[in-house]
2 protein chains.
Amino acid sequence: MYATQNIIDTLKGARVANGLSQRALSRRTGVPQSHVSKIENGGADIRLSSLIELARALDLDLRLIPRRAVPAVDGVMRSMTPSIAATPVVRDLNRILDVVRDLRIAYPDLGELKEIQESFQVLKTLRNVDREAEALRNTGRLIRKLQRSCRKLAGTGRGDAEQTEAVRNAAGIPSEQRHALRGAARALQDLRNKLLDAAPPLPSLPRPAYRLDDDEDG
Amino acid sequence: MYATQNIIDTLKGARVANGLSQRALSRRTGVPQSHVSKIENGGADIRLSSLIELARALDLDLRLIPRRAVPAVDGVMRSMTPSIAATPVVRDLNRILDVVRDLRIAYPDLGELKEIQESFQVLKTLRNVDREAEALRNTGRLIRKLQRSCRKLAGTGRGDAEQTEAVRNAAGIPSEQRHALRGAARALQDLRNKLLDAAPPLPSLPRPAYRLDDDEDG
DNA sequence: TATCTCGATATGTTATACTATATCTTTCTA
DNA sequence: TAGAAAGATATAGTATAACATATCGAGATA
């Protein structure tokens, strides 16, 4: 229920990046929309066959990779990604994402973090993030500030494990910062939608004219 | 129940290549040996969390890869694999494996094919297959011969789908060829064991001296 | 305001993964 | 020939994925 989240996140990211609604994906795969929702929210420990079916519908391939080969594979993936690979912006974006992930462990019930993570996840897959360096930098600053006060709250900066164990609710966050966080989440979502509109939803689907026929979506 | 087989095969291949028995893997993961057996035989549609748990115990990482990136990733994997990558022998081996897979669909109850496939699967992961080019070539010839008579039996060489539908039992195979097949299966297993003995069981496990303590195995 | 889409959630049912435990066969070895 | 080890298989109980269907609130749009 932990390492699984990576896979699930990727799945969701791919769905959104493809411009598919849960219902559209449901129609493609036969999996009920309600179940898609449950899966994406971590409410279901999906089976291998279902995972593969969903992945296939999203043009993804499931692979088991020897640990030794992981760095190399990651390198290739970065250079193949529709986005800009090693751009400073993307690098930044990944760093922020790491912090967000940590924070989400410390504050599991802080919904804004989840939204922010999801936005980042999608932004990473877009080829025109580069133009929004400024906006992303701002969010990054906010996140890091939050991380600092999280550390402070956790007491006298001990090991990571104890830290995340120490602060387990959102109550400790100053309402001022909480407000800023909320704003950032909204801003990121807007940014994401803007870029999603501007960017073609990935040129990868092996289906004819999927935006023209209304087989998909509403 | 089809694309899943690839993952399951990889899992099993990794277990064997690591020299782990089903019970040893069971001890590592907490999954009962009976269940490991069921999984490896396609008798269970494993859950994501279980898959990841087993994979982790075998030093594998589960990834969703965009289809566009698959060829590149495969390339990297080939060049990273402990074995010899693009050696003619390995290429041959893969070709034979494809044929075996097809045959297994045509003759699901022909156990020898399964054994042969498994041996090949392991052989592919060994770095010293190259020396056994001759033996493998012989098996390859046998397999291809079997494929030819399979085609003949299937009637007047129609499409693949009809073909596999047409011949659905092992009865059609001449006992002479069946005997040769059995011999090949045995020979391949011997070969596999020989090479497994000669080759270090993969230098990848991040555990201290796993062959010295009897934490593992019997 | 009325409508539409999207995602989250609820309920009841069925299928099956997973567990614990045990038995059986085959193969290898002392 | 006896015993160990590996893998396949069986039984019974529990947990839960997956299904069908329906509803609800939030946003967007007319």
Side-chain angles (χ1 to χ4, degrees), chain A residues 1 4 7-8 11-13 15-16 18-54 57 109 111-112 114-115 118-119 122 182 185-186 189-190 192-194 196-197 211 214-218, chain B residues 1 4 7-8 11-13 15-54 109 111-112 114-115 118-119 122 182 185-186 189-190 192-194 196-197 214 216-218:
Chain A
M1 195 25 122
T4 71
I7 297 287
I8 298 301
L11 226 43
K12 173 163 189 178
R15 176 180 66 77
V16 176
N18 274 334
L20 295 178
S21 69
Q22 288 182 348
R23 275 178 236 270
L25 182 58
S26 167
R27 245 165 283 145
R28 276 197 188 186
T29 57
V31 175
Q33 176 266 329
S34 61
H35 202 223
V36 173
S37 170
K38 210 171 180 184
I39 290 167
E40 288 187 348
N41 289 306
D45 190 1
I46 197 177
R47 291 184 194 165
L48 178 54
S49 61
S50 311
L51 173 57
I52 290 182
E53 196 178 2
L54 288 173
D109 41 327
E112 290 87 350
K114 188 181 162 197
E115 291 167 24
E118 287 172 0
S119 293
V122 173
R182 179 93 201 101
R186 298 295 298 255
Q189 276 167 4
D190 289 350
R192 184 195 67 186
N193 292 335
K194 188 173 113 192
L196 264 177
D197 269 355
R211 184 113 255 179
D214 57 358
D215 161 25
E216 233 52 89
D217 245 296
Chain B
M1 192 28 123
T4 69
I7 296 287
I8 298 301
L11 226 44
K12 173 163 188 176
R15 176 180 67 76
V16 176
N18 273 335
L20 295 178
S21 68
Q22 288 181 347
R23 286 191 165 86
L25 182 59
S26 167
R27 247 166 281 146
R28 274 197 189 187
T29 58
V31 175
Q33 176 266 329
S34 61
H35 202 224
V36 173
S37 170
K38 211 171 182 184
I39 290 167
E40 289 188 349
N41 289 306
D45 190 1
I46 197 176
R47 291 187 195 162
L48 178 54
S49 60
S50 311
L51 173 56
I52 291 181
E53 197 178 1
L54 288 173
D109 41 324
E112 290 85 351
K114 188 181 161 198
E115 292 167 23
E118 287 172 1
S119 294
V122 174
R182 179 95 202 100
R186 298 295 298 256
Q189 277 167 4
D190 289 349
R192 183 195 70 185
N193 292 335
K194 188 174 112 191
L196 263 177
D197 269 355
D214 56 358
E216 231 54 89
D217 246 291

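What's counted below: heavy atoms across the whole structure, side chains too, no hydrogens, waters or symmetry copies. Chain letters run A, B, ... following the sequence lines, proteins first, then strands; residues in each count from 1.
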K.L.:
Under 4.0 Å between a side-chain N/O of A:S37 and OP1 or OP2 of C:dG7, yes or no?
P.N.:
no
K.L.:
Reading nucleotides 13-30 of chain D from the 5' end, what letters show protein touch, with B for base, S for backbone sugar-phosphate only, - for no heavy atom under 4.0 Å?
P.N.:
---SSBSSBB--------
K.L.:
Hey, mind stepping through B:L51 and A:T4 against side chain to side chain contact (heavy atoms under 4.5 Å, CB included) and telling me if it holds?
P.N.:
CA-CA 9 Å; B:L51 173 56; A:T4 71; over 6 Å; no
K.L.:
With rounding to the nearest 0.5 Å, note down the distance linking OG in A:S21 to CZ in A:R15.
P.N.:
7.0 Å
K.L.:
Measure the CG-NZ distance between A:D45 and A:K38 for me, rounded to the nearest 0.5 Å.
P.N.:
11.5 Å
K.L.:
Atom CZ of A:R15 to atom C1' of C:dG7: distance rounded to whole Å?
P.N.:
8 Å
K.L.:
How long is the line joining CG of A:L20 and C1' of C:dT5, in whole Å?
P.N.:
14 Å
K.L.:
Going by heavy atoms in the side chains, are A:I8 and B:L48 under 4.5 Å from each other?
P.N.:
yes
K.L.:
Can you tell me if the side-chain N/O atoms of B:N41 get under 4.0 Å from OP1 or OP2 in D:dG7?
P.N.:
no
K.L.:
Using side-chain heavy atoms (C-beta onward) and a distance below 4.5 Å, is A:L20 in contact with A:R28?
P.N.:
yes
K.L.:
Counting only N and O atoms by type, is there a donor-acceptor contact under 3.5 Å from the side chain of B:T29 to the main-chain atoms of B:L54?
P.N.:
no
K.L.:
Compute the bend angle of the helix from C:dT1-D:dA30 to C:dA30-D:dT1 from the end axes (five pairs per end), rounded to 10°.
P.N.:
30°
K.L.:
In the structure I gave you, are the side-chain heavy atoms of B:I46 and B:I7 within less than 4.5 Å of one another anywhere?
P.N.:
no
K.L.:
Side chain to side chain contact (heavy atoms under 4.5 Å, CB included) between A:Q33 and A:R27: does it pass, once the steps are laid out?
P.N.:
CA-CA 8 Å; A:Q33 176 266 329; A:R27 245 165 283 145; over 6 Å; no
